[in-house]
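One structure below.
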Amino acid sequence: MAGIPITGSLVGDSSRPGQRTWANAIVRWLFICISLLFIAAVLLAPLATVFIMALSRGIEAYLHAFADPDTLAAIRLTLITAAVVVPVNTVFGLAAAWAIAKFEFRGKSVLITLIDLPLAISPVISGMIFVLLFGLHGWFGVWLQEHNLSIIFALPGIMLATMFVTFPYVARELIPLMQQLGNNEEEAAITLGAGGWMTFFRVTLPKVRWGLVYGMVLCNARAMGEFGAVSVVSGHIRGLTNTMPLHIEILYNEYNFVGAFAVASLLTLLAAVTLVIKTLVERTGYRRR
Amino acid sequence: MAGADRAPGSRVSFRQPSILPGFGLTFGFTTVFLSTIVLLPLAALVLEATSMHWADFWHTVLSPRALGSYRLSFGASLLAASINLVFGFIIAWTLVRYEFPGRKLIDALIDMPFALPTAVSGIALTTVFAQNGWIGQYLEPLGIKVAYTWLGVTLALTLISMPFTVRAVQPALLEVQREMEEAAETLGAGRFYAFRRIILPTVLPALLTGFTLSFARAVGEYGSVIFIAGNLPMKTEITPLLIVIHLEQFDYRGAAALGLVMLVISFVMLLAINLIQAWGRRLQIRIAR
Amino acid sequence: MSIVLDQVTKHYAGLPVVNDVSLDIGDGEFFVLLGPSGSGKSTLLRAIAGLSGVDHGRIALHGRDVTHVAARKRGVGLVFQNYALFQHMTVADNIEFALRVRRMRAKARRERRRELLRLVALEGMDERLPAQLSGGQQQRVAVARALAHKPEVLLLDEPFGALDAKIREELRRTIRQVQRELGITTVLVTHDQEEAFAMADRIGIMHLGRLLEMGAPHELYSSPATRFVATFLGAANLFLARRTPDGIQIGATTVAAAERAGGERENEVVTVVRPEEVELAATRAALSSGYLASGTVDEVVFTGALERLRVRLEKHQEHTPLLSSGEADSTPTLQVTRTQHEQRGFEVRPGQQVAVGVRRVHVLPTPLSSFTACASSAARAEALTHQPLLAELVARMKTRIGTRIEPQLGLADAPCQGRDTFVGTTVISSGELCAQEAEWLLRRGARDLLALPPQAQVPHRVLIHWVGEAARSATLAISASVLRHVPAEAVYVGIVPGDAAGTGHGQGMRELLDARSEAQAAHGLDMRTELHYGEGERQLALRLAEAPGQMLILGVTALADFTTRFQALLQGPWPVLIVRRGRA
């Protein structure tokens, strides 16, 4: 979502005759104060808490928290999951955007709605549906057990749930962007004799690259931070199926606050980096719609 | 649009012709991937839930504990979305209309709840609003307990759904042309009159969309709530948590039934958004009078 | 008077965007504010509407001072370029908006709406939404909406800007018709001169925040007073010519000047020749009008009713200085338009040699014609031509700059080396010797003298003062001319000997008011006034030293003690333009 610039015309003429300037100033300061207070209480205070709690026993205790093998395993698992899920969903997003933005076909709006579906579903349900399929009492549970395969309470389940949850992000960025940019350049490339792949890589991809980066960054943030869906499918096995958010929960419930907030601080930094990249991308001129 | 002007007499086909290649590949991949990752698992949920006996289904879905969880989930979400309706509008207005130091930073921070993993928001909010927390300690003497009560749930839901309202309203506010306000002014309208008749109706659809999006997100939220809620059955237990409890007891059917209820509600939400957008114009006209 | 503006000034970021504009618009008049973008015309309109405050001056509508009255209480109707219709309201609700604000009853509202929709020819469109209308229809609704509350004044801000040519034509006619029918005082802002001609009872032309000229369309076209108006209203060829006792000597011909300058001696003037007043023929003898020069046809463009040509004139004898292109060394080209009838009489092709004649010449009353940089060596004179303020003035006036070398410049009793006459404004460089050099030149016949410090830029404040009543009129005329090309504030500085308690006070005030009214009446120049006490030259130097970016225009008559009196003034880091008139 775009940061929105103030345009000169909106600021308006301060010296307009007959305006009660003090009344305007009061409203203005009231609004700014309410906004800042609300954001401070609901957003800034919690953010600051994360770091203050993480460093409450000193920097050594903070660093020590990362020496814990279970914590390291959680970080590794999160990274592996993101490394698989983000590329897969990126490929999907590109394919879906190409099909939807470049062609007119029946049922297009249905397809778009279906792609958005995971956003409207509670993360718990997103995890549960895979349990229903692959869990011990699930549809394929018996078959999986016979073949000695495990999906639920194992890495594949975590990946599937994460994939489901982060499924729409890239596609949602790319579809409106590609629709807005139109087909003219691609059609020109094809008439000039370029092949489909060449057109895609040389014409389309450069055009939508910022939208793509944007979508991938959001997808990645959600993939690394997903809690509800993963919580349901992971089984919370320490050192094996605990992702970072799940590990936070365990540490927190064990009253290991330094450990919990240390891991949380990493994820907060990830969120901050995501926002920075997002802001930078927006500054290149890419805007949502 | 490519091929929008189909030659007369040609057969009405599934897809309108285009010179661009790759429809088969991308459309095929999109639908197959969508089916495997999203539709198949969701179908499993529906089938699992509907394979129950009616009596069992109603028994699960209408049990006192389930009803209590609905009350909390929907009540707190409604409240959170309403809070965001007010504060989201104020924040959006402040960001669009006023220039003040730190405006750009605040604008970027609004997206923090999108990027921040819910587990992190959960433990941070709990710590801040606990009885001995930064803000909690001042509320305690006033007899206001936030953490481990429905208030805490509302607070967490407010935080995670805030960006939806702000980001929905911001572009709409930008769209209110300065000239429209100036026109109203030259026609004799006072500030408040112009606000009520011109600005409010113009941003109303966006406000309602933001409200619905906030509400939909809040209803499904799990990660941030379970830390601050206290999770007492009937009192501070949200529906997604109840689903998880069913799952942990391997009561897949019960979980699926509750999941189906939430899913249906999510669909109703999506439908409502679409209806609001279609209906918004007429509503605007009525309100403007 | 319906609308009275008195010295309205508006600054943005320190620069005047509307600069001392005074204007009376009569009841029922259709007034068009015409100017290029950035000339301040829209800001002025917004100031009238009350959407923008003014820093100085007063605005009155129908005798009521509304300078500090809010827009909603001014009773004006404003139509915006991009319609600014309320998108969420139907046409009916849009039009009734002002009536609802005024709590008019539904029935009365409906009747008024019907009437307005009939007026703008949109009957039956009541329940449409703006998005369902075409651009032209939307603008009609906007006009109807602006008229709903029966405003006393209708303001239109580039109302046709977003429409295509045909719709524009139609809407113009509708608006003119509505205006006539209602007899409502109307101000329209546009940058399109054709539109201005088509609609206006009177046109006011704005440039650089100033209202340069006002008048009926045909008056402004045939006898503009300024270079800017001459070139902005239609195409114009500008020539430098000489005013002689026999008439205006332009090129090889002398035409009788319509405007005789009584008793003035021979001097350089700027003339306007409209492209349609140029005649082409095969030979000089075949011309029915006065011969100007011979030339070569560069380009012929057929545009339907008219033919447009560019004719390159031959570099000619001394008296054919042309300045249409503004660049001194490029070969001058002449814009010509000819009717079908003329084309049939004499067909021309590119490359053809033709004799050029002029049928009608209009002399601009501007006293500033060309510049001559004068210094003791060619290198210094050349350097002076690149002085930033001078270069800017030359470019803005589209005029010519020459050089004049006087090796003995400033040496008492040494004679002139160059021609014994001085043409246009002589430019010298400020400095220690400046006063001496100035006196030297003035004594040898220079009349307008500009002393420039090397780094001086375009000023934002021009101080005006004269010593001796004989120089008064010329100083005001030249000041007006300078200020048409410079977006600066004009201040007349009156200086009374003695102190504030002295007897000269009343006299000083009277002088100020006289100067102001003369500047306004005779030269269309609005200026502020300041009164100071003390010795003239010292006070001026003090005022100039107060802030950077100022310039002085100084009228003088007698030359006695010139060097000693003005030494200090001519040494400062500010430009000084000396205007000398009266007995030598």
Side-chain angles (χ1 to χ4, degrees), chain B residues 85 89 92-93 96-99 168-212 273-289, chain C residues 42 45-46 48-52 69-104 106 109 127-132 141-151 153-158 162:
Chain B
L85 196 64
F89 181 83
W93 180 274
V96 169
R97 289 294 170 105
Y98 302 136
E99 186 61 79
V169 175
Q170 243 176 337
L173 268 180
L174 268 181
E175 239 176 65
V176 182
Q177 303 162 5
R178 195 83 202 175
E179 278 97 0
M180 253 155 75
E181 282 168 65
E182 289 177 348
E185 215 181 319
T186 57
L187 293 171
R191 280 254 156 149
F192 184 70
Y193 192 92
F195 178 81
R196 192 161 62 93
R197 296 290 162 101
I198 308 299
I199 298 174
L200 208 55
T202 310
V203 299
L204 191 73
L207 263 177
L208 291 177
T209 305
F211 179 85
T212 322
I273 295 177
N274 288 334
L275 275 181
I276 281 169
Q277 268 154 3
W279 175 60
R281 283 246 161 246
R282 260 180 295 156
L283 194 68
Q284 274 180 325
I285 294 169
R286 208 176 316 156
I287 282 187
R289 279 206 169 136
Chain C
S42 280
L45 194 79
R46 290 172 59 85
I48 298 173
L51 294 175
S52 173
V69 173
R72 63 199 183 88
K73 292 177 186 154
R74 286 200 184 183
V76 298
L78 179 58
V79 176
F80 295 82
Q81 170 167 10
N82 52 0
Y83 327 132
L85 290 181
F86 306 134
Q87 293 297 319
H88 57 282
M89 293 185 188
T90 58
V91 167
D93 288 336
N94 262 287
I95 293 175
E96 288 179 25
F97 185 87
L99 308 177
R100 277 176 200 275
V101 172
R102 288 166 176 74
R103 299 178 191 287
M104 193 188 267
R109 282 204 312 256
E127 291 309 316
R128 301 269 188 105
L129 283 172
Q132 297 166 325
V141 176
V143 171
R145 185 181 68 177
L147 290 170
H149 53 301
K150 301 194 172 160
V153 167
L154 178 64
L155 306 172
L156 304 146
D157 188 1
E158 304 249 9

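Side chains included, hydrogens not; waters and symmetry mates left out as well; all remaining heavy atoms used. Each chain gets a letter, A, B and so on, in the order its sequence line appears, and its residues count up from 1.
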Select one option (side chain, backbone, both, neither) describing which atoms of [X] are under 4.5 Å from chain B's heavy atoms.
{"X": "C:Arg145", "answer": "both"}
{"X": "C:Ala146", "answer": "backbone"}
{"X": "C:Phe86", "answer": "both"}

Quiz item: Would C:Asp93 and C:Arg100 count as a salt bridge (Lys or Arg N to Asp or Glu O under 4.0 Å) if you check the C-alpha gap in whole Å, the side-chain angles of each, and the deciding distance to 0.1 Å?
Solution: CA-CA 9 Å; C:Asp93 288 336; C:Arg100 277 176 200 275; 3.3 Å; yes

Quiz item: With no hydrogens and no angle check, is any side-chain donor or acceptor of C:His88 less than 3.5 Å from a backbone partner on B:Val203?
Solution: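 Looks like no, no N/O pair under 3.5 Å.
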
Quiz item: Are the side chain of C:Arg74 and the backbone N or O of C:Val69 linked by a donor-acceptor pair below 3.5 Å?
Solution: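 Yes, the answer is positive, given that a donor and an acceptor are paired below the 3.5 Å cut-off.
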
Self-check item: Between C:Leu99, C:Asn82, C:Val76, C:Leu78, the one whose heavy-atom pairs under 4.5 Å with chain B are most numerous
Solution: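 Most pairs with chain B among the choices: C:Asn82.
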
Quiz item: What distance do B:Leu173 atom CG and B:Ile199 atom CD1 have between them, rounded to the nearest 0.5 Å?
Solution: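 It comes to 7.5 Å.
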
